[in-house]
Each structure stands twice: as C-alpha cells, then as structure tokens.
J.: 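The structure under discussion is supplied below as structure tokens; questions concerning it will follow.
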Amino acid sequence: MPTYEMPLLLRLGNKAEYTNILKNVANSIFETGGFIRRIENWGNQELPCKASVHGKMHTHAGHFMFCFDSPPSEVFKIHDNCRRNINIIRAEVYKEFVPDKQVECTLQEELLPPAYRPGVQKLLEASRKQKRRNKNKFEYNSGLNYYPFTR
C-alpha cells in the first residue's frame with residue numbers, strides 16, 4: 001500500500017473538539033483498510049486568505065497532518081468523508097514522495113556565482129564548441145549562386 005499525506009485545516013476549537021474530529025478521520029482510514037503512520041499537530045495559525053466552507057467564513061484554523069497507508073481505491077472515500085465533515089475547513093490527500101536513490105547535497109555548488117558553477121561551465125563549453133562548428137557554415141537558402149544584397 002502506498003503512503004499518503006493529508007493536511008487538514010480544522011475549525012478552531014478546544015482539545016476535546018479536535019480529538020473527536022481526528023478520531024472520526026482516523027476511523028474512516030481504519031474502516032477502508034488503511035493504517036496511520038503518524039499525526040502531527042502544527043498548531044493554530046492564521047489562514048493566508050479567507051476560506052468560506054459550509055456557509056461560514058474562516059480566518060484562522062487548526063493545522064494537522066495525517067500520514068497513512070491505504071489502498072489506492074479507498075483514498076477517495078477517505079477524502080470524501082473529510083469533505084463532508086463540517087468541522088474540517090480543508091482536506092487534501094497527496095501521495096508521499098519517496099526518492100528512489102540517495103540524493104547528494106549540492107548546496108555549496110549552488111551557492112557559487114553562476115560563472116563558477118560546474119553545470120554552467122559545462123553549458124558554456126558546449127556553446128563554445130557549437131559556435132566553432134557553425135562559424136563558416138552560413139547558407140542563404142535563396143537558390144541563387146550569389147548574395148543579391150552585396151555591392
């Protein structure tokens with residue numbers, strides 16, 4: 001089963017209300033045959049823009065993150081249950097990105113000025129080679145034996 005991430009924006013409330021909402025979301029995941037890897041609480045924060053959901057305007061929300069494994073065919077049911085809950089402002093489900101191979105950090109190279117970066121130097125060298133090859137190969141493609149605009 002693939003791993004999914006679901007950030008949730010919940011209507012402001014106390015701990016008991018948050019607990020009930022999160023239990024309902026967790027039960028919908030368990031009912032579809034999934035299991036939860038972790039739940040993160042990111043706190044109450046102001047929303048970047050007003051959100052109108054279920055007939056109410058929201059400017060602040062409680063931010064939570066569910067990481068769970070579930071069969072792909074059941075993800076829509078989980079998302080649908082979250083959309084129907086009037087205490088949830090926003091809920092989206094994303095497939096978690098897991099890199100296949102070890103990615104090496106190139107921050108020191110990226111912080112160099114562009115002229116000194118190895119990738120840019122390779123591009124400049126390829127450009128110089130291309131210019132040398134095409135220097136004397138200009139064709140007019142006019143079908144004439146001469147260039148009519150010279151004196």
Side-chain angles (χ1 to χ4, degrees), residues 1-139 141:
M1 286 189 283
T3 302
Y4 296 96
E5 292 180 339
M6 182 170 55
L8 292 173
L9 299 181
L10 304 182
R11 189 174 58 142
L12 288 180
N14 57 24
K15 275 189 172 183
E17 292 173 354
Y18 284 157
T19 304
N20 289 334
I21 298 166
L22 297 176
K23 277 184 184 178
N24 290 339
V25 174
N27 286 336
S28 70
I29 292 172
F30 293 140
E31 287 171 0
T32 59
F35 62 91
I36 298 172
R37 292 185 175 269
R38 68 180 181 274
I39 302 172
E40 298 175 8
N41 180 1
W42 292 346
N44 295 334
Q45 299 174 8
E46 185 176 356
L47 297 175
C49 57
K50 294 178 184 177
S52 175
V53 180
H54 302 293
K56 294 185 181 179
M57 290 295 289
H58 300 278
T59 57
H60 291 76
H63 292 66
F64 291 87
M65 171 70 87
F66 271 86
C67 293
F68 63 95
D69 289 359
S70 176
S73 60
E74 303 296 323
V75 172
F76 179 75
K77 291 178 185 175
I78 296 169
H79 186 253
D80 191 47
N81 286 339
C82 291
R83 282 189 309 158
R84 292 173 188 260
N85 191 334
I86 61 172
N87 295 316
I88 298 176
I89 298 171
R90 292 272 191 275
E92 291 296 328
V93 179
Y94 302 101
K95 189 171 182 183
E96 187 176 58
F97 173 71
V98 180
D100 294 338
K101 59 181 180 175
Q102 194 67 282
V103 179
E104 97 180 42
C105 180
T106 60
L107 179 63
Q108 292 300 324
E109 292 176 3
E110 296 298 324
L111 291 176
L112 292 172
Y116 296 108
R117 293 182 196 154
V120 174
Q121 289 177 349
K122 288 178 187 176
L123 288 172
L124 289 173
E125 185 60 35
S127 172
R128 286 185 197 118
K129 287 180 182 178
Q130 185 71 21
K131 283 182 182 177
R132 281 187 226 134
R133 270 190 249 136
N134 293 337
K135 191 172 187 179
N136 297 326
K137 290 189 174 183
F138 182 75
E139 296 179 10
N141 294 329

J.: Looking at every heavy atom in both Cys82 and Ala91, which two are closest together, and how far apart are they?
T.: CB-CB, 3.7 Å

J.: Mind listing the closest non-hydrogen atom pair of Arg90 and Ala51 along with its distance?
T.: NH2-CB, 4.1 Å

J.: CE/Met6 to CD1/Ile29 distance, rounded to the nearest 0.5 angstrom?
T.: 4.5 Å

J.: Please round to the nearest 0.5 Å and tell me the distance separating atom NE2 of His79 and atom CD of Glu92.
T.: 4.0 Å

J.: Could you check if a side-chain atom of Ile78 sits within less than 4.5 angstrom of a side-chain atom of Phe68, using non-hydrogen atoms only?
T.: yes

J.: Any ion pair linking Arg128 and Glu125 (charged N to carboxylate O, less than 4.0 Å)?
T.: yes

J.: Using a strict threshold of under 4.0 Å (side-chain N to carboxylate O), is an ion pair present between Glu40 and Arg38?
T.: yes

J.: I want to check something: taking the side chain as every heavy atom from C-beta on, are Leu22 and Phe66 in contact at a cut-off of under 4.5 Å?
T.: yes

J.: How long is the span from the CZ atom in Phe35 to the CZ atom in Phe30, to the nearest 0.5 Å?
T.: 10.0 Å

J.: Nearest 0.5 Å please: distance from the CG atom of Asn85 over to the CZ atom of Arg83.
T.: 12.5 Å

J.: Measure across Asn41 and His63 and return the closest heavy-atom pair with its distance rounded to 0.1 Å.
T.: OD1-O, 3.5 Å

J.: Output side-chain donor-acceptor pairs under 3.5 Å for residues 8-18, partner residues at least two apart or in another chain, one line each.
T.:
residue	atom	partner	partner atom	Å
Arg11	NE	Asn87	OD1	3.2
Arg11	NH2	Asn87	OD1	2.4
Asn14	OD1	Ala16	N	3.3
Asn14	OD1	Glu17	N	3.0
Glu17	OE1	Asn14	N	3.4
Tyr18	OH	Asn44	OD1	2.9

J.: Check this for me: does any side-chain nitrogen of one of Asp80 and Lys77 sit under 4.0 Å from a carboxylate oxygen of the other?
T.: no

J.: So, for Ser52 and Met57, which heavy atoms are closest and what is the spacing to 0.1 Å?
T.: CB-SD, 3.4 Å

J.: Looking only at non-hydrogen atoms, find the nearest pair between Ser70 and Met1 and report the distance.
T.: C-SD, 3.7 Å

J.: Kindly give the heavy-atom pair with the smallest separation between Val53 and Ile88, and that separation in Å.
T.: CG1-O, 4.1 Å

J.: At what distance, to the nearest 0.5 angstrom, does CZ of Phe76 lie from CG of Asn81?
T.: 10.0 Å

J.: Roughly how far, to the nearest 0.5 Å, is CD1 of Ile89 from NE2 of His58?
T.: 4.5 Å

J.: Is the shortest side-chain heavy-atom distance between Thr59 and Leu47 below 4.5 Å?
T.: no

J.: Name the atoms and distances for all side-chain donor-acceptor pairs under 3.5 Å in residues 104-117, with sequence neighbours left out.
T.:
residue	atom	partner	partner atom	Å
Arg117	NE	Glu110	O	3.4
Arg117	NE	Leu112	O	3.0
Arg117	NH2	Glu110	O	3.2
Arg117	NH2	Leu112	O	3.3

